[in-house]
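Each remark here refers to the structure printed beneath this line.
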Amino acid sequence: MSLHSGGGGNWSMLSSLRREGELGDRRVGWATAKRVAAFARPYRRAIAVFLLTVVVGAVIGVATPVLAGDVINAITRGGPEAGGTVVRIALFIAGLAVADALLSLVQRWYSARIGEGIIFDLRTRVYDHVQRMPVQFFTRTQTGALVSRLNNDVLGAQRAFTSTLSGVVSNVIQLVLTAAVMLTLSWQITALSLVLLPVFILPARRVGRRLADITREAYGLDAKMNATMTERFGVSGAMLVKLFARPEKEAQRFSERAERVRDIGVQSAMYSRTFFVAMLLVASLAQALTYGLGGWFAVRGSISAGTVVTLALLLTRLYGPLTALSNVRVDVMSALVSFERVFEVLDLRPSIAEPADPRRVPPGTGRVEFRDVRFRYPSAAEVSLASLEDVATLDRTVSAEVLRGVSFTVHPGQMVALVGPSGAGKSTTAMLLPRIYDVTGGAVLVGDVDVREASLQSLRDTIGVVSQDSHLFHETILENLRYARPDATDDEIWAALDRAQIGDLVRSLPDGLDTVVGERGYRFSGGEKQRIAIARLLLKAPSIVIMDEATAHLDSESEAAVQRALAEALSGRTALVIAHRLSTVRDADQILVLDEGRIVERGTHEELVTAAGLYAELYRTQFADSPLPPREPLERPKDSAVDR
């Protein structure tokens, strides 16, 4: 008895959970629909005109069978006026056909305008939102999965307005009008014709739910394939695949996902087609019943022959909308899935945002201050989405602090170097300055403005960065340079290139400034790419420069050229330099030695070597074979702010 009761309790609990899940899905669907309506609000007038044309088209669709019945009645009645009546009705039917054709063009124009407009709004909103996300978001997210949201999912959402909306309204109007007319002509035939409908309408809900599930899975697989293609088709990814001789494995992995997408497509097509064929079969059987039963009534004189023809034609207009509406759930669920995936990205709030009342960093500001700065990297759950990382759930573990009470000041025109072992927090410290990350404790100030209170535009106009792998877009040299200053003149661009020690090389190229640099600038060597990046920084003309291992991966000749370019970039500017090669920072005004997130030493090169601490140990390790290392300082011209 207890076993039976337990089983019944389990069944009851499962049923309750299923009901709660369905209610939850409905609530989510309703909330999504409300947000969709908000996106459609700017197009409400166009939607109203569109729906009006749909209604008129539906009325014309119902009127034509009624007029066809009138033609039959006029013929069967005969008489001297029958011919004229038939011609007039035929002309009227022709006029309705022309009107219907024109209306269909108007409908298409409005549906395209509404659909494409909403695509534009969604894409630009998502693109702008993603651009504002923190760097941690991009380090965790699969690029292909993110691109899929802007392409596949936005297009899926568009179908809700270009086809689903018009289909629903048109079919509902046709269904109501057709049923009303049929009932007035013969309620007995109408009732008998519809007797089999429940058998096919009831399974529609289950079919729609199943199709929504496989549609969601298909979108996820499309995103994974996009991610794979984005990574493997890039220069770095393609190089890695070739170096490790993995093309067959990559092809197999891609094939498995594409195979599942194919299977889902077949399942979806068969679900839809089977249901559609079944509805057409019912419509044909009902039409046969109408001809048989209606003909019997007509022979007995209960109804006219024209009425029988009208009922038969209207029946096709009845089952057509019913067939289409039976699949509306599928279309609506698919569109909601697309909207939900788009809204999922829009709902992820950027952790680095413009302050409510931003302060402007004055142009030329060169003072930098770190006050007891603490920092930890956010967890995955704080900055990303599981669906964009291809994981079931996001890690919520709070990481340990990377910086622990870092304090220092850089005065205008000074060069301060950050050195220390790998993982000490050097690059993280520098990236807090332009708010690539936000401190979790303490404050970073530019001038007298806390960077969290500064407008992002003025803050980043003040700061320029040259990293160890400066990125160039797959565009021309000119477009890459004007990314820093769109209004820069040709003379200013050539002056920046000359100061960056790369002008002669660019002049020697067949296309000059119009030379396409290739993906990530791979058409140029590392040193050439760095000097183009330095020219871009010189065009920007920031008052504060961050150099993050700018010569780390260069050969001696390229390094020397880049060093000369960097000397130009630092002239008269505040500089925060991160370096593993200690020879590059010997002439820094102050050297800060970081270890495990803390400043453990500070001073000039000579002071730190004499102190025999961590800096001296790092120095001896790098130059163990040379008691007097070659000097490769980032020397600035004598007119720099420090020398003045």
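Remember, it's a predicted structure, so these values are computed and weren't measured experimentally. In what follows, residues are counted from 1 in the order of the sequence shown.
Taking the six-membered ring for Trp and thresholds of 30 and 60 degrees, Y377 and Y437 have ring planes more than 60 degrees apart, a perpendicular arrangement.
Two residues are said to be in side-chain contact when any heavy atoms from C-beta on lie closer than 4.5 Å; V506 and W494 meet this criterion. No side-chain heavy atom of V416 sits under 4.5 Å from any side-chain heavy atom of D589. Side-chain contact between V130 and F138 is present, with heavy atoms from C-beta onward closer than 4.5 Å. You'll find the side chain of R452 stays beyond 4.5 Å of the side chain of P355, heavy atoms only. Under the 4.5 Å side-chain criterion, counting only non-hydrogen atoms from C-beta, R460 is in contact with R435. Residues I477 and F524 have side chains in contact (heavy-atom distance under 4.5 Å, counting atoms from C-beta outward). Counting heavy atoms from C-beta on, the side chains of L432 and L403 come closer than 4.5 Å. Contact check for H474 versus V516: side-chain heavy atoms found under the 4.5 Å cut-off.
For E607, there are no salt bridge (charged side-chain N to carboxylate O under 4.0 Å, His left out) partners, not counting sequence neighbours. With sequence neighbours excluded, no residue forms a side chain to side chain donor-acceptor pair (under 3.5 Å) with T141. Considering only residues two or more places apart in sequence or on other chains, F473 meets the ring pair (Phe, Tyr, Trp, His ring centres under 6.0 Å) condition with H471, Y483. Considering only residues two or more places apart in sequence or on other chains, E492 meets the side chain to side chain donor-acceptor pair (under 3.5 Å) condition with R485, T489. Scanning for side chain to side chain donor-acceptor pair (under 3.5 Å) contacts around D372 gives an empty result, with sequence neighbours left out. When the side chain to side chain donor-acceptor pair (under 3.5 Å) test is applied to E596, no partner is found at least two apart in sequence or on another chain.
Between L618 and G420 the shortest heavy-atom distance is CD1-CA, 3.9 Å. A pairwise comparison of heavy atoms in I591 and T604 identifies CD1-C, 4.3 Å as the closest pair. R536 approaches L472 most closely through the heavy-atom pair NH1-CD2, 3.7 Å. Taking both residues in full, the closest heavy atoms of A588 and A417 are given as CB-CB, 4.1 Å, listed atom of the first, atom of the second, then distance.
In this structure, CD1 in I532 is found 7.0 Å from CG in L481, a value given to the nearest 0.5 Å. From I599, atom CD1 reaches atom CZ of F370 across 9.0 Å, with rounding to the nearest 0.5 Å. Distance OG1/T429 to CD1/I578: 7.5 Å, rounded to 0.5 Å. Rounding to the nearest 0.5 angstrom, the gap separating the CZ atom in R586 from the NE2 atom in H605 is 4.0 Å. T409 OG1 to R371 CZ: the interatomic distance, rounded to the nearest 0.5 Å, is 8.0 Å. Annotation: the span from R573 atom CZ to L537 atom CG amounts to 6.5 Å, rounded to 0.5 Å.
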- Evaluate the criterion side chain to side chain contact (heavy atoms under 4.5 Å, CB included) for residue pair I534 and Q501; output intermediate values, then yes/no. CA-CA 9 Å; I534 292 169; Q501 314 295 309; over 6 Å; no
- Message: Quick one, R349 with R132, criterion side chain to side chain contact (heavy atoms under 4.5 Å, CB included). Give me CA distance, side-chain angles, the key distance, then yes/no.
- Response: CA-CA 9 Å; R349 306 317 308 168; R132 299 176 189 278; over 6 Å; no
- Derivation and outcome, side chain to side chain contact (heavy atoms under 4.5 Å, CB included), residues L433 and V446: CA-CA 8 Å; L433 189 56; V446 175; 3.6 Å; yes
- Query: Going through the checks in order, is the side chain to side chain contact (heavy atoms under 4.5 Å, CB included) test met by L592 and R602?
  - Reply: CA-CA 5 Å; L592 306 176; R602 66 180 76 204; 3.6 Å; yes
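Within a 6.0 Å radius of CG in D357, no more than 12 heavy atoms belonging to other residues, nucleotides or ligands are found.
Salt-bridge check for D498 with R507: passed, with a basic side-chain N closer than 4.0 Å to an acidic carboxylate O.
Side chain of S458 to main chain of V361: a donor-acceptor pair is present (N/O by atom type, distance under 3.5 Å, no hydrogens or angles).
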